[in-house]
Amino acid sequence: MPRDKHGHLTPGRVSPMRAVPRTIDRPEYVGRVEPSPYAGGDVYEHDEIELIRESGRIAADAIAAVGVAVRPGATTDDLDAIGHEFVVAAGAYPSCLGYRGFPKSVCTSVNEVICHGIPDDTVLEAGDIINIDITAFKNGMHGDSNMTFTVGEPTPQVSDLVTRTAESLRRGMKAVAPGRQINVIGRAIESYAKRFGYGVVRDFTGHGVGRAFHSGLVIPHYDAAPAFDTVIQHGMVFTIEPMLTLGTADWDMWDDGWTVTTKDKSITAQFEHTMVVTDRGVDILTLP
Ligand code: MF3
Ligand code: CO
Ligand code: CO
């Protein structure tokens with residue numbers, strides 16, 4: 001099984017690509033090397049927002065369905081199958097499948113994996129944590145969300161990391177208001193994370209989402225001021241998805257070109273929502 005003698009994860013066996021019924025619309029990048037450049041903006045009209053909400057709800061419901069199956073003995077490939085079938089049954093395309101060559105429908109990131117873990121024959125063990133990241137594409141719109149689940153009972157240090165990472169997302173969302181700069185979000189997240197000495201991952205960020213999976217708008221999770229001074233506008237749609245670690249924010253990438261781990265192999269957690277900016281704050285579009 002894919003763990004080394006220290007219990008650290010190693011690459012496992014990836015199962016064949018899952019099928020999507022022909023009746024389900026694919027994003028334009030499927031079957032291509034990369035998405036075509038996105039020319040549209042990040043501000044959406046009411047009707048478009050309701051479509052993003054529909055995709056976002058499918059993603060959220062799929063994550064919950066996968067969460068029910070998270071237990072010792074399950075493989076990350078088992079979880080991918082559940083997420084894939086859920087999204088497809090809802091008439092949506094699992095946006096990760098075939099995105100820049102990603103081979104699976106769900107990102108499954110265990111323990112020291114920061115993000116973009118590829119589902120394989122890794123077997124979950126009591127004391128692990130696992131992030132489930134699912135994006136659904138329907139009616140031309142993507143909705144992107146993730147959550148970290150515990151397997152059995154992790155140590156108090158690890159379960160605190162998980163609850164505080166969820167809280168950091170809440171604080172980042174609370175900082176959003178039209179007229180403020182994008183960099184207020186990361187300031188709120190980082191100042192909270194710093195209280196506990198957590199590492200705040202800088203090189204993977206939130207992003208504009210909707211018609212494009214990643215629009216080009218970047219949302220840092222650290223205090224990036226005076227950079228990232230884009231003014232937040234009413235109707236803007238983006239994700240916030242902080243990754244916090246028990247060690248430093250330095251990372252490594254596996255030879256698969258996707259799996260990002262902490263360099264120091266410290267445990268790391270993440271939570272993500274897609275949201276739209278309202279006149280007062282945000283309306284979360286990835287709720288069940
Ligand atoms: N859902 C991830 C995000 O939050 C992106 C995953 S890209 C994939 O932006 F190709 F790894 F699936
Ligand atoms: Co995202
Ligand atoms: Co995501």
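Counting starts at 1 for both ligands and their atoms, following the listed order.
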Asp229 CG: over 12 foreign heavy atoms closer than 6.0 Å: yes
Residue and atom, protein N/O/S, under 2.8 Å of the Co ion (ligand 3): Asp133 OD1, Asp133 OD2, Asp144 OD1, Glu272 OE1
Phe213 near ligand 1 by a heavy-atom separation under 4.0 Å: yes
Heteroatom test (N, O or S) for His214 near the Co ion (ligand 2), limit 2.8 Å: no
His207: numbered ligand 1 atoms lying under 4.0 Å from its heavy atoms: 3 (C), 4 (O), 9 (O)
Smallest separation among heavy atoms of Thr248 and Thr245, with atom names: O-OG1, 2.9 Å
Parallel, tilted or perpendicular: rings of His8 and His6 (30°, 60°): tilted
Sidechain N-carboxylate O distance under 4.0 Å for Arg100, Glu34: yes
Any side-chain donor near an acceptor of the partner, Glu241 and His273, under 3.5 Å: no
Atoms of ligand 1 close to His214 [distance to a heavy atom under 4.0 angstrom, numbered from 1]: 3 (C), 5 (C), 9 (O)
Shortest non-hydrogen contact from Lys263 toward Asp252: NZ-OD1, 3.1 Å
4.0 Å heavy-atom contact, Lys104 with ligand 1: no
Ligand 1 contact on Arg100 by region, counting heavy-atom pairs under 4.0 Å: neither
Atom 1 (N) of ligand 1 [closest protein heavy-atom partner, distance rounded to 0.1 Å]: Asp133 OD1, 3.0 Å
Test log, rule ring pair (Phe, Tyr, Trp, His ring centres under 6.0 Å), inputs His214 and Tyr38: CA-CA 8 Å; His214 297 98; Tyr38 177 63; over 10 Å; no
Ionic contact status for Arg53 with Glu50, cut-off 4.0 Å: yes
Nearest non-hydrogen protein atom, atom 3 (C) of ligand 1: Asp144 OD2, 3.3 Å
Residue part near ligand 1, for Cys107, under 4.0 Å between non-hydrogen atoms: side chain
Aromatic plane relationship, Tyr29 with His142 - under 30° parallel, 30 to 60° tilted, over 60° perpendicular: parallel
Glu167 and Arg170: CA distance, side-chain angles, deciding distance, salt bridge (Lys or Arg N to Asp or Glu O under 4.0 Å) verdict: CA-CA 5 Å; Glu167 173 64 15; Arg170 218 185 56 76; 2.9 Å; yes
Contacting atoms of ligand 1, where contact means under 4.0 angstrom from a heavy atom of Glu241: 3 (C), 4 (O), 9 (O)
Interfacing atoms of ligand 1 (cut-off 4.0 Å, heavy-atom, Thr135): 1 (N)
Worked check of salt bridge (Lys or Arg N to Asp or Glu O under 4.0 Å) between Lys104 and Asp120: CA-CA 9 Å; Lys104 289 287 158 190; Asp120 61 15; over 6 Å; no
